[in-house]
Amino acid sequence: TCIWLLVLDSGCKSWCELQEARLRLPILAEEQVIMEAVRENECVVLCGETGSGKTTQVPQFLYEAGYASSGGIIGVTEPRRVAAISMSHRVATEMNLPSGVVSYQIRYEGNVTENTKIKFMTDGVLLKEIQKDFLLQKYRVVIIDEAHERSVYTDILIGLLSRIVPLRNKKGLPMKLIIMSATLRVEDFTENKRLFRTPPPVIKVEARQFAVTVHFNKRTPVDNYTGEAFRKICKIHRMLPPGGILVFLTGQAEVHSVCRRLRKAFPYRPHREHTEDLKKAKRAKKKKNMSLPRINLDSYSALPADEGDEDRQAGIDDDYNEGSDLELELGDHPDKEKADPSIPLYVLPLYSLLAPELQAKVFHPPPAGARLCVIATNVAETSLTIPGVKYVVDCGRVKKRFYDRVTGVSSFKVTWISQASANQRAGRAGRTEPGHCYRLYSSAVFGDFSLFSEAEITRRPVDDLVLQMKDLNIEKVVNFPFPTPPSSEALISAEQLLISLGALEEPPRHGRLTCLARLSCPITPLGRAMAAFPVAPRYAKMLALGRQQGCMPYIITIVAAMTVREIFEDYDRPAGSEEENTKMAGKKARSVQMRRLWAGQGQSVQLGDLMVLLGAVGACEFAGCTHQFCEENGLRYKAMLEIRRLRGQLTNAVNAVCSDAGVYVDNQMAPPTESQVLCLRQIVLAGLGDHIARRVQAEELLDPKWRNGYKTPLLDDPVFIHPSSALHKTLPEFVVYQEIMETTKMYMRGVCAVQAEWIPKLLPQYCHFSAPEESPAPWFCPLSGRVKCHQQSTFYRVSWKLPAIEMDYPEGLEHYKLFAKFFLEGQVTFMSYSRCLLSSPSTMLKTWAKLQPRTEALLTALVSENVNNRTSLEAAWKKDERCKLVLCSRVTFIILHNISVSCFKKKNKEKKK
DNA sequence: GAGCACTGC
């Protein structure tokens, strides 16, 4: 983050320069129109592409117009942390105000003061603030920036603010909402009657972007778009004038393989080495030219450099490429891809998981004489802006995560992008001068793209959002004014999960449940506590249970590590060179070894991948969480820093929810003891109850594809423990998993072994219990004062037989009869009445007991006062001390309490009436 | 015995 900021801010050299740049922004001409619209409307939608300056200028207009005087402040939300920070710096500089006045707030940090007038923050921060103060009384204006990106939080914020703004106006504390979008796709906001009854005005602002000429391919490669990208880059580099090239591909592996090919084709060596190479290459070229037939790439430069007619070129392209393509795809034939060091290309990979110091390279100018070429994934579309890009090569695809709504299985698929996305990518070529965008697909294919990408909220589970909303006392989540609502299946399964976790009250079982009733469950106190933890509900449940046996610090660490993605460095990606290959092999071996070490021994092995996480974080923190430690042990430094900050935040949250928890972040944390590991596994099971899998049984093993497979309640096909898992060879009978990812097979990730007998105990909501066992017979537990029994159960849907376990006797008349028996035997009060009894206590259980008025009288009394355990008996007694000893008919049981008395009293009263 | 885009609390 810091590196990016330095780079982002390096553009702001002097205030004068800034002011000059500022004056050129087209939005300045629109100030009056905008401010008038804001004055006259509660909500205004502002459309302006990147480069219009809306993010930096609109807050200043509002400030000048007095919206931040008299106490109120101007809030601006951004979908990314870097944007919140850099925008606050930028605006502070432009306005010549200190950071205490123009400030930012992100998840872990901020510089907000009492004097803050303009506050930039991430969208999640404002959502959390609504939890504390629903009316957001601090704010006079809220600006939702980048609303077109449709992140889940901006969508929810817009829904909430559509209600908050009128409420504020009614209260006489007027507030304004400004929604800013880079595209004109705003109908979801403006034409949505549930959101705004009167559509808010839409103001369009021109952008100061340079023209980008778009070139389509004549043909659209079906599979080999990386090969096509490679050829296109080569061509651009050979033929077109200077200017950076930005290439959009879909994943790390593609990025690295194209990088490798380009580096081979246009080797770049820094400094002297390079000039040496150049000379050598020139000599070699001369020789080769004499011995080899001239099918040369150089012939291309005969074409006009500004050639834009792709269709015409494509013909030549195809002829030429068909031959060479084969060679290129046959892999590493060093001789076939002829190196041309005379025109060096400075090739850099760029993707989100790349180490920040390597990412930062793209922001620096390329070495003299070399052209910059960045091979990127989607990060370059919105998150990072690379300076000096004149050419964009767009493969037209994106890798997206998909969730199966029924089974919850995740997978990654490469799909076509939307037209909006393609235009956004093209726009990256026109930041500093006119540019060109080469689309590796035909205009017809482009025409078939959807206009816009789907809103994120429709593409992912919403359990966390539903919990947040319930915590805001929005019970009927279906009625929430979503700009685009999630599917009802998604809402129902979210509600179901939250009920199972105990975060929502279970709806009454009797009668047919309407869809609405199932979606209107109120939040429980546990749910409130869970909503206070900024993690997924399953993990929040673990935190809520974490206090036993001193497990809280461990649970916090495990939850933090599970929340942060990819804590281990990936050494399986294609290497850039042979030496890098051997280097990576060595690192990988070390990483595998360390993971085995962190998995521990004895009990802790059963905690599986979660123990590996715990061990890794523990070891890393013990070593001071240094870059070097991470590097040497295969950990992603950025991930470890995020875990460290998240541990801090979760620790604070736990202490806030439970003031006597007294947890603190200990970077010298000792490994958990054997009994703590047992406890941790049970806590994890309680949180991941719907993520259980059972090893396929020998008798079920009919199909060889089930070998080493696991069965889950929701899937017909087997799932497997991922080969990188600590439990891959152990294959425990029962496991819980973090997620199922479908690749070549369905793999469970984040696996932890659990014991069968814990399941009915900790997850009764998922079990069907059979009648209490007859042997051993039900008994009275003197410690808890309750009637206990053994009960067998099966796991829901799959009917796995679970071992019989000790349970509270199930509700019903039988429970009262048993309690009466134990009571008469003197087990409940430790006093024996047997010598005063006419019948044996076991009479209570006889089928003919009803025929005896005395047994019936006792039973009725117990039932009417709900007494079937010691606690409720004592409570009933307390109600009326005088009647502790009562002889209930002369020759029957002695009944020692007011249960029967109050019962008789009631009856007498009724008789009198 | 493997192959994961991108974010926010």
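In what follows, chains carry the letters A, B, and so on, assigned in the order in which the sequence lines appear, proteins first and then strands, with residues in each chain numbered from 1. No hydrogens, no waters, no symmetry mates; every other heavy atom, side chains included, goes into these values.
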Give the table of side-chain donor-acceptor pairs shorter than 3.5 Å for residues 563-570 of chain A, with sequence neighbours excluded, one pair per line with atom names and distance.
unit_1   : atom_1 : unit_2   : atom_2 : d
A:Thr563 : OG1    : A:Val559 : O      : 2.8
A:Arg565 : NH2    : A:Ser352 : OG     : 3.0
A:Asp570 : OD1    : A:Asp572 : N      : 2.9

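At a threshold of 4.0 angstrom between heavy atoms, the contacts of A:Val414 with the nucleic acid are absent. Among the heavy atoms of the strands, none lies under 4.0 Å from A:Val398. Note on A:Asp572: a base of the nucleic acid sits closer than 4.0 angstrom, heavy atoms only. When heavy atoms are screened at a 4.0 angstrom cut-off, A:Ser151 is found touching no nucleic acid atom at all. Residue contacts for A:Arg150: at a heavy-atom cut-off of 4.0 Å it reaches no nucleic acid atom on any strand shown.
Checked by distance alone, A:Lys588 brings a side-chain donor or acceptor within 3.5 Å of a matching partner on the base of B:dA2. Checked by distance alone, A:Tyr351 brings no side-chain donor or acceptor within 3.5 Å of a matching partner on the base of B:dC6.
In this structure, A:Arg397 does not reach the B:dA5 phosphate: none of its side-chain N or O atoms is under 4.0 Å from OP1 or OP2. Between A:Thr744 and the phosphate of B:dG3, there is a side-chain N or O to OP1/OP2 separation shorter than 4.0 Å. Put simply, A:Arg401 has no side-chain N or O that comes within less than 4.0 Å of OP1 or OP2 on B:dT7. Of the side-chain N and O atoms in A:Thr122, one or more sit less than 4.0 angstrom from OP1 or OP2 of B:dC9. The side chain of A:Lys128 places no N or O atom within less than 4.0 Å of a non-bridging phosphate oxygen (OP1 or OP2) of B:dC9. Under 4.0 angstrom from either OP1 or OP2 of B:dC6 there lies at least one side-chain N or O belonging to A:Thr377. OP1 or OP2 of B:dT7 sits under 4.0 Å from a side-chain N or O of A:Ser383. For B:dG8, neither phosphate oxygen OP1 nor OP2 lies less than 4.0 angstrom from any side-chain nitrogen or oxygen of A:Thr154.
A straight line from CD of A:Gln649 to P of B:dG8 spans 13 Å, rounded to a whole angstrom. At whole-Å resolution of the value, CD in A:Glu78 and C1' in B:dC9 are 16 Å apart. The distance from atom CD of A:Gln424 to atom C1' of B:dC6 is 14 Å, rounded to the nearest whole Å. Rounded to a whole Å, the NE2 atom of A:His728 is 5 Å from the P atom of B:dG1. If you measure from atom CD of A:Glu456 to atom C1' of B:dT7, you get 7 Å, rounded to the nearest angstrom. One atom, CD of A:Glu566, and another, C1' of B:dA5, lie 11 Å apart when rounded to the nearest Å. In this structure, the CD atom of A:Glu742 is 15 Å from the C1' atom of B:dA2, given to the nearest Å. Rounded to a whole Å, the CG atom of A:Asn652 is 15 Å from the P atom of B:dC9.
Looking at A:Glu742, its side chain never comes within 3.5 Å of a backbone N or O of A:Tyr747 through a donor-acceptor pair.
For the segment residues 247-255 of chain A, the set of residues with a heavy atom within less than 4.0 Å of an atom of DNA chain B comprises A:Thr250, A:Gly251, A:Gln252, in numerical order.
By the 6.0 Å and 45° rule, A:Arg459 does not stack over the aromatic ring of A:Tyr403. The cationic atom of A:Lys587 (NZ for Lys, CZ for Arg) does not lie both less than 6.0 Å from the six-membered ring centre of A:Tyr571 and within 45° of the ring axis.
Taking both residues in full, the closest heavy atoms of A:Val255 and A:Ile375 are given as CG1-O, 3.3 Å, listed atom of the first, atom of the second, then distance.
Put simply, the side chain of A:Leu384 does not reach to within 4.5 Å of the side chain of A:Val362, judged on heavy atoms.
Side-chain atoms of A:Arg107 lie closest to B:dC9 of the nucleotides B:dC9, B:dA5, B:dA2. For A:Arg565, the side-chain atoms get nearest to B:dT7 when compared with the rest of B:dG8, B:dT7, B:dA2.
Between the side chains of A:Thr250 and A:Arg397, no donor N or O sits under 3.5 Å from an acceptor N or O. At a cut-off of 3.5 Å, with distance as the only test, a side-chain donor of A:Thr484 or A:Arg150 sits close to an acceptor on the other residue.
When the nearest nucleotides of DNA chain B are assigned to A:Arg459 and A:Leu465 by heavy-atom distance, the more 5′-ward of the two goes with A:Arg459. Mapping A:Val125 and A:Ser352 onto DNA chain B by nearest heavy atom places A:Ser352 at the nucleotide closer to the 5' end.
Taking the side chain to side chain contact (heavy atoms under 4.5 Å, CB included) definition, one finds that A:Val445 meets it with A:Thr220, A:Trp416, A:Tyr441, A:Ser442, A:Phe449, sequence neighbours left out.
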